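One structure is given below, encoded as structure tokens.
This chain uses plain numbering: 1 for the first residue, then up along the sequence. Owing to the predicted nature of the structure, the values given are computational and were not obtained by experimental measurement. Note that these values count all heavy atoms, side chains included, but never hydrogens, waters or copies made by symmetry.
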Amino acid sequence: MDALGVAVIGFGWMGRVHTQAYARVRHHFPRLPLRPELVTVAEEVPGRAEEAAERFGFASATRDWREVAADPRVGAVSVTAPNFLHREIGVAMAEAGKHLWIEKPVGLTGADARAVADAVAKAGVRSTVGFNYRAAPAVETARSLIASGGIGRVTHVRVRLFSDYAAHPDAALTWRYERERGGSGVLGDLASHGADLARFLLGDIVSVAADTAVFVGERPRPAGATSGHALAAGGEPGAVENEDYVGCLLRFASGARGVLEACRVSVGEQNAYGFEVHGTTGAVFWDFRRMNELGVSRGTAYQDQPVSTVYVGPGDGEFGAFQPGAANAMGYDDLKVIEAYRFLRSVAEGEPYGPGATLVDAVHSAAVLDAMAESAATRAWADVTVP
């Protein structure tokens, strides 16, 4: 089995999740032809990279991500740094010949995502993007059901992504709330997942009509380095520059219609992500908080047709690599293990493996976000133009 040196750039929560996925991937996929080895971790916050190296077993640590590009031991890189760094780091790693696992939204705009995609294509390296919800076995099963005509011709879909991580008014004013570093707020953070899920299930989105809002206009500035969604009570107040909420109408190339709604300040909602897809003869429903279940309605009744709960099992997606029978639970971190597996498998085979997201998918998602921002600014429908 060949060893592949891997590096992680940015070691907040997502950097840890990537690292643990690399450590677990061969436990669940023992026939994987590559063995990932944790070579180095880069994080600019003093002491954090060294702590990560000691805790998780990286061979070395650095505060400068540029050292990763120059490190001959590194064959693949996870980019889990803040959004405003995605383009610079992603392009640099591709140009250095490193395979790339990069978190969404891959920069701040469609142009950023396209720049990274072009660099990856030119370098001939493999890539994947952290649209992890498409890796859920139930989501893959729903996609297959839709594609096979199991609910008839799709008429409309509703995608929702509600969270309360920014609901507290004392949540620290980090880069996430700045236009220059965080980009389009909840659009890039949550709606990017929604745009990818909608396209994954129903195909290309061609136009949108969106409305956005900021509901918490000021937040306290943190006194020092933060992690996650920390509070900073008493800090100097600063303006929130990007969106807390987006509501959007979607038109698909297929003729289907959709609604996508995302909010980061939804009190009482914790990771309330999911979709409802309706067709001419049935429907399929998924809620991330019940990740291993699908609600399915199909038949010929049309009216008063019942909905059945279906528990995914070993024949669905990669479920069998984690659990031996239906209704045994999988969790969020398992989705990242699936991402790691498909990424490493694509590196080994030299072409994309499975339905995991690539940089092409990231470009499409970013184009939808750009159209949403345009629509909200002009108060009119906007066409989705893929850069």
Side-chain angles (χ1 to χ4, degrees), residues 10 12 14 44-45 79-91 102-116 129-130 161-196 208-232 235-248 260-266 362-380 382 384-385 387:
M14 189 55 65
E44 66 176 10
V45 175
V79 178
T80 58
N83 298 351
F84 68 96
L85 295 171
H86 286 187
R87 177 172 181 164
E88 183 181 9
I89 296 175
V91 169
I102 188 168
E103 275 303 316
K104 56 83 202 167
V106 191
L108 305 181
T109 64
D112 287 349
R114 171 55 69 188
V116 180
V129 180
L161 299 106
F162 295 155
S163 184
D164 64 356
Y165 70 77
H168 201 298
D170 288 335
L173 187 70
T174 64
W175 61 268
R176 291 183 181 277
Y177 304 101
E178 298 175 2
R179 182 71 64 181
E180 184 176 354
R181 297 195 298 165
S184 55
V186 77
L187 274 72
D189 194 20
L190 295 181
S192 59
H193 279 299
D196 182 70
V208 303
D211 184 33
T212 61
V214 178
F215 295 132
V216 183
E218 286 189 340
R219 298 183 182 277
R221 300 184 186 279
T226 61
S227 179
H229 304 293
L231 303 184
E236 179 185 355
V240 172
E241 299 174 350
N242 54 27
E243 303 85 355
D244 288 329
Y245 168 87
V246 60
C248 186
L260 190 160
E261 194 175 15
C263 185
R264 64 189 181 186
V265 297
S266 298
V363 170
H364 278 269
S365 174
V368 174
L369 302 186
D370 285 352
M372 287 182 186
E374 177 188 343
S375 173
T378 62
R379 300 187 178 185
V384 176
T385 303

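- In this structure, Asn242 contributes its side chain and Arg176 its backbone to a donor-acceptor pair below 3.5 Å.
- With contacts defined as side-chain heavy-atom distances shorter than 4.5 Å, the pair Val265/Tyr245 does not qualify.
- Across all non-hydrogen atoms, the minimal contact from Cys263 to Leu190 is O-CD1, 3.7 Å.
- The two residues Val116 and Arg87 come nearest to each other via the heavy atoms CG2-CA, 3.8 Å.
- Under the 4.5 Å side-chain criterion, counting only non-hydrogen atoms from C-beta, Val106 is not in contact with Asp112.
- Across all their heavy atoms, Leu173 and Ala239 have their closest contact at CD1-O, 3.8 Å.
- Nearest heavy-atom pair across Gly110 and Ala366 is CA-CB, 3.6 Å.
- Partners of His86 by ring pair (Phe, Tyr, Trp, His ring centres under 6.0 Å), not counting sequence neighbours: none found.
- Annotation: salt bridge (Lys or Arg N to Asp or Glu O under 4.0 Å) contacts of Asp244 (sequence neighbours excluded): Arg264.
- The nearest pair of heavy atoms linking Ser266 to Phe162 is OG-CB, 3.8 Å.
- Closest of all the heavy-atom pairs between Arg221 and Gly238 is NH2-CA, 3.8 Å.
- A side-chain donor-acceptor contact under 3.5 Å links Ser375 to the backbone of Ala380.
- In this structure, Met14 CE and Thr80 OG1 are separated by 8.0 Å, a value rounded to the nearest 0.5 Å.
- Screening residues 164-175 for salt bridge (Lys or Arg N to Asp or Glu O under 4.0 Å), with sequence neighbours left out, gives no hits.
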Please tabulate, one pair per line, all N/O donor-acceptor pairs under 3.5 Å involving side-chain atoms of residues 180-188, not counting sequence neighbours.
from   : atom 1 : to     : atom 2 : distance (Å)
Arg181 : NE     : Glu178 : OE1    : 2.8
Arg181 : NH2    : Glu178 : OE1    : 3.3
Arg181 : NH2    : Glu178 : OE2    : 3.4
Ser184 : OG     : Gly188 : N      : 3.4

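- Residue pairs that meet the salt bridge (Lys or Arg N to Asp or Glu O under 4.0 Å) test with at least one member in residues 102-111, sequence neighbours left out, are Glu103-Lys336, Lys104-Asp189.
- Salt bridge absent: Glu241 and Arg219 never bring a charged side-chain N and a carboxylate O closer than 4.0 Å.
- By the ring pair (Phe, Tyr, Trp, His ring centres under 6.0 Å) test, Tyr165 pairs with His229, sequence neighbours left out.
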Please assess Trp175 against Asn83 for the test side chain to side chain contact (heavy atoms under 4.5 Å, CB included), listing each intermediate value before the final yes or no.
CA-CA 9 Å; Trp175 61 268; Asn83 298 351; 3.7 Å; yes
